[in-house]
Amino acid sequence: IIAGLRESWQVSAGESASDTLPARRGRAEVIYGLAKEKTTADLRRLQAIPRSWFQMVLVAAAMLVEAAFHAQIPISGGLLVDGVLANKDRDTMAVVLVALIAGFVAALACGVFRDWLYSKLQSRALAGIRQGMFERLQQLSLSFHDATANEEVLECFSGDPGTIENAYSMTPNLGALPGIEALVCT
């Protein structure tokens with residue numbers, strides 16, 4: 001009876017039934033805004049996609065240069081053993097060493113550029129996630145804020161985006177770069 005009265009009071013007070021917290025939906029789902037509501041912030045995020053895609057292509061190109069250098073090392077070792085040591089050819093050795101040094105410098109420059117650009121992409125993506133969470137939190141009803149502890153809301157803003165940030169941080173070095181190296185080296 002009390003639950004029915006509370007629901008009718010909330011509906012009569014101008015709150016929709018979706019603003020209340022159903023038992024099968026968790027508080028995090030409500031904060032993250034998994035409802036199918038579209039806002040102007042979503043449209044702003046869509047406008048930033050082409051710029052992000054271009055930057056992701058640049059990050060992938062930098063990874064390709066790094067992977068090419070990693071593939072160059074065993075090839076150069078084979079040339080040194082088979083061509084230089086067997087024939088005692090100093091000209092080939094100079095060419096191989098210059099190619100290794102040039103590859104190292106290019107891979108180092110591309111690695112620094114990749115890290116700088118990827119950190120910008122990562123921070124922009126996390127800022128967008130946090131902004132979306134904040135906008136959704138502002139749309140929630142007062143009854144949600146009464147029923148939810150402040151610590152729970154703060155935990156959603158600090159803990160969960162931290163997990164996403166860790167995944168973003170590990171993607172280039174532990175996921176994408178080894179995959180590209182496997183493709184280049186085989």
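- Among residues two or more places apart in sequence or in another chain, the side-chain contact (heavy atoms from CB on, under 4.5 Å) test is passed with Leu58 by Phe54, Phe113, Leu117.
- Here the shortest heavy-atom pairing between Ile180 and Ala67 reads CG2-CB, 3.7 Å.
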**OP:** Begin with the C-alpha distance, continue with both residues' side-chain angles, and end with the deciding distance and a verdict on side chain to side chain donor-acceptor pair (under 3.5 Å) for Gln131 and Arg136.
**Re:** CA-CA 9 Å; Gln131 182 67 33; Arg136 177 63 182 154; over 6 Å; no
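- In terms of heavy-atom proximity, Gln122 sits nearest to Ser169 at NE2-OG, 3.1 Å.
- When hydrophobic clusters are built by joining Ile, Leu, Val, Met, Phe, Trp and Tyr residues whose side-chain heavy atoms come closer than 4.5 Å, directly or via intermediates, Phe69 is grouped together with Leu79.
- Here the closest heavy-atom approach between residue Met63 and residue Ala176 is recorded as SD-CB, 3.6 Å.
- A continuous path of hydrophobic side-chain contacts links Trp116 to Leu177 [ILVMFWY only; heavy atoms under 4.5 Å].
- Looking at every heavy atom in both residues, Cys185 comes nearest to Ala71 through SG-CB, 3.6 Å.
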N/O donor to acceptor pairs below 3.5 angstrom from side-chain atoms of residues 89-108, sequence neighbours left out:
residue: Asp89; atom: OD1; partner: Asp91; partner atom: N; Å: 3.3
residue: Asp89; atom: OD2; partner: Thr92; partner atom: OG1; Å: 2.3

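- Looking at Val184 and Leu64, their side chains come closer than 4.5 Å, going by heavy atoms from C-beta outward.
- Residue Asp115 holds its CG atom at 11.0 Å from SG of Cys110, rounded to the nearest 0.5 Å.
- A single hydrophobic cluster is seen to contain both Ile73 and Val84, as judged by linkage of ILVMFWY side chains at heavy-atom distances under 4.5 Å, directly or through other members.
- Side-chain contact between Gln55 and Val59: absent, with no pair of heavy atoms (C-beta onward) separated by less than 4.5 Å.
- Formation of a donor-acceptor pair under 3.5 Å by the Tyr118 side chain with backbone atoms of Tyr168 is found in this model.
- Judged as a side-chain contact (heavy atoms from CB on, under 4.5 Å), and not counting sequence neighbours, Ala68 has no contacts.
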